Amino acid sequence: MKLLIIVMLVAGAGAASGEQGNRVVGGKSCLFSSRPYQAVLLRNGRNYCGGSLIHPKWVLTAAHCSRRIGSVQVHLGAYNLRVKEFTQQRREILNYFIHPRYSLRHHLDYDFMLLELDEPVQLNSNVNTIKLATRCPTPGRRCSVSGWGTTTSPIKTHPDILQCANLYITSQAKCLQTYPGKITKSMFCAGVERGGTSSCKGDSGGPLVCRGKLQGVVSWGKAHCAKPGQPRVFANVCKVTQWVKNTIRKRDSCLD
């Protein structure tokens with residue numbers, strides 16, 4: 001569900017600094033290399049889902065991105081998907097692990113998947129890991145979402161440049177009110193009350209970062225993104241930190 005943003009034309013370029021002339025309501029093209037943890041899952045060279053590098057050999061994404069995962073490549077250090085950039089590192093998926101409590105039938109409960117890369121990435125200023133949040137989200141906190149998802153909705157417009165926007169954690173009561181009977185403890189909502197900014201189609205699996213830590217994984221929401229009073233739903237990282245650590249530890253011990 002990619003980053004939905006309504007485009008506004010603004011004079012000036014700024015491509016050299018990583019900012020584009022095209023601005024978005026509540027968001028903009030990310031600064032170059034400002035999201036070194038951002039992963040993109042590509043199928044046939046096209047954006048399929050997002051993800052976050054949490055370990056030199058592991059990416060955390062959404063479980064619902066597992067469909068035909070064997071045909072997907074993982075790129076780190078990407079910015080413009082139409083350009084072969086010196087910052088990019090490409091990896092194949094050696095193995096993947098879906099959270100044992102993931103439920104497609106129960107509105108994507110525990111929507112988490114770990115991707116084991118075929119070899120570790122080389123960490124640098126363009127490709128680096130992000131720490132997992134150990135505390136659950138606080139209502140009202142400002143966070144940042146990023147991805148290559150559609151910038152318009154319901155008509156899809158896919159950007160070449162990585163997009164960023166600020167979202168605010170919604171209270172669980174508001175989240176439940178928006179999606180009655182569909183929100184579990186493994187989920188929370190974030191958005192902008194007035195609308196106009198949101199994650200959307202194609203951002204699935206991507207990061208929501210709060211105070212420098214991975215707080216959420218883009219999961220799901222209503223078909224028409226960024227409408228007022230309709231926040232998006234994120235998988236709640238604080239609920240699975242131990243599962244992530246245990247999975248990586250067990251896999252590493254098996255390979256020793």
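Because the structure is a prediction, the values reported are computed rather than measured.
Between the side chains of Ser186 and Asn236, no donor N or O sits under 3.5 Å from an acceptor N or O. Of the N and O atoms on the side chains of His64 and Ser204, at least one donor lies less than 3.5 Å from an acceptor on the other residue. Using modelled atom types and a 3.5 Å distance limit, the side chains of Gln38 and Ser52 yield no donor-acceptor pair.
Criterion: ILVMFWY side-chain heavy atoms under 4.5 Å apart, direct or through other members. Under it, Val240 and Leu132 are part of a common hydrophobic cluster. Phe112 and Ile54 fall within the same hydrophobic cluster, where Ile, Leu, Val, Met, Phe, Trp and Tyr residues are linked whenever their side-chain heavy atoms come under 4.5 Å apart, directly or through other members. When hydrophobic clusters are built by joining Ile, Leu, Val, Met, Phe, Trp and Tyr residues whose side-chain heavy atoms come closer than 4.5 Å, directly or via intermediates, Val237 is grouped together with Val209. Tracing side-chain contacts under 4.5 Å through hydrophobic residues (I, L, V, M, F, W, Y), one reaches Leu41 starting from Val127; they form part of the same cluster. Under the 4.5 Å side-chain heavy-atom criterion for Ile, Leu, Val, Met, Phe, Trp and Tyr, Tyr96 and Val121 are members of the same hydrophobic cluster.
If you take CG on Leu167 and SG on Cys189, they are separated by 11.0 Å, rounding to the nearest 0.5 Å. To the nearest 0.5 Å, atoms CG (Asp111) and OG (Ser103) are separated by 10.5 Å. One finds the OG1 atom of Thr87 at 11.5 Å from the NE2 atom of His75 (value rounded to the nearest 0.5 Å). Note that OG of Ser144 and CG of Leu208 are 7.5 Å apart. Values are rounded to the nearest 0.5 Å. From Cys164, atom SG reaches atom CG of Leu162 across 5.0 Å, with rounding to the nearest 0.5 Å. In this structure, the separation between CZ on Arg91 and CG on Leu115 is 14.0 Å, given to the nearest 0.5 Å.
Lys57 and Glu119 are not joined by a salt bridge, as no carboxylate oxygen comes within less than 4.0 angstrom of a charged side-chain nitrogen.
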Apply side chain to side chain contact (heavy atoms under 4.5 Å, CB included) to the pair Phe97 and Met113, showing each step before the final yes or no.
-> CA-CA 6 Å; Phe97 302 85; Met113 176 171 62; over 6 Å; no

Could you walk me through whether Tyr110 and Tyr102 pass the ring pair (Phe, Tyr, Trp, His ring centres under 6.0 Å) check?
-> CA-CA 5 Å; Tyr110 283 90; Tyr102 171 63; 9.5 Å; no

Show the numbers, then the answer: is there a side chain to side chain donor-acceptor pair (under 3.5 Å) between Thr184 and Asp109?
-> CA-CA 7 Å; Thr184 70; Asp109 199 16; 2.5 Å; yes

Test log, rule side chain to side chain contact (heavy atoms under 4.5 Å, CB included), inputs Tyr48 and Cys65 | CA-CA 8 Å; Tyr48 175 61; Cys65 293; 4.3 Å; yes

Give the C-alpha distance, both sets of side-chain angles, the deciding distance and a yes or no for side chain to side chain contact (heavy atoms under 4.5 Å, CB included) between Val40 and Trp148.
-> CA-CA 8 Å; Val40 58; Trp148 286 271; 3.4 Å; yes

Run the numbers on Leu123 and Leu53 for side chain to side chain contact (heavy atoms under 4.5 Å, CB included), then give the verdict.
-> CA-CA 10 Å; Leu123 300 182; Leu53 186 70; 4.1 Å; yes

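Thr241 contributes no side-chain N or O that, together with a main-chain N or O of Thr134, makes up a donor-acceptor pair within less than 3.5 Å. The main-chain N or O of Cys238 is never found under 3.5 Å from a side-chain atom of Arg135 such that the two would form a donor-acceptor pair. Between the side chain of Glu116 and the backbone N or O of Leu114, no donor-acceptor pair lies under 3.5 Å. Remark: side-chain polar atoms of Gln230 are not paired, donor with acceptor, to backbone N or O of Glu193 under 3.5 angstrom. Ser171 contributes a side-chain N or O that, together with a main-chain N or O of Lys174, makes up a donor-acceptor pair within less than 3.5 Å. Distance alone, capped at 3.5 Å, is enough to place a donor-acceptor pair between the Glu85 side chain and the Asn80 backbone.
Partners of Arg211 under the side chain to side chain contact (heavy atoms under 4.5 Å, CB included) rule, at least two apart in sequence or in another chain, are Arg141. Residues that satisfy the side chain to side chain contact (heavy atoms under 4.5 Å, CB included) test with Glu92, not counting sequence neighbours, are Gln73, Asp118.
The two residues Thr170 and Cys175 have their closest heavy-atom pair at CG2-N, 4.1 Å. The two residues Arg35 and Cys30 have their closest heavy-atom pair at CG-SG, 4.4 Å. Closest heavy-atom contact between Cys210 and Ile169: SG-CD1, 4.3 Å. In terms of heavy atoms, Arg67 sits closest to Arg43 at O-NH2, 2.5 Å. The two residues Ala39 and Val74 have their closest heavy-atom pair at CB-CG1, 4.2 Å. Taking every heavy atom of both residues into account, Thr61 and Gly205 meet most closely at OG1-CA, 3.3 Å.
No more than 12 heavy atoms of other residues, nucleotides or ligands lie within 6.0 Å of CZ in Arg46, so this atom counts as exposed by the packing criterion. Atom CG of Asn44 has 12 or fewer neighbouring heavy atoms from other residues, nucleotides or ligands inside a 6.0 Å radius. More than 12 heavy atoms of other residues, nucleotides or ligands lie within 6.0 Å of OH in Tyr179, so this atom counts as buried by the packing criterion.
Ring pair Phe32/Tyr79 is perpendicular by interplanar angle, where above 60° counts as perpendicular and below 30° as parallel.
Contact annotation: the side chain of Met187 never approaches that of Phe234 to less than 4.5 Å [non-hydrogen atoms, C-beta and beyond]. Between Pro231 and Thr178 there is a side-chain heavy-atom pair separated by less than 4.5 Å. A 4.5 Å side-chain heavy-atom check between Arg232 and Trp220 finds every atom pair outside the cut-off. With a 4.5 Å cut-off on side-chain heavy atoms, Gln163 and Lys28 do not count as touching. Within the 4.5 Å cutoff, the side chain of Ser66 has heavy atoms near those of the Ile98 side chain. Taking the side chain as every heavy atom from C-beta outward, Asp252 and Trp58 approach each other to under 4.5 Å. A 4.5 Å side-chain heavy-atom check between Leu117 and Val59 finds at least one atom pair inside the cut-off. Put simply, the side chain of Cys136 reaches to within 4.5 Å of the side chain of Lys239, judged on heavy atoms.
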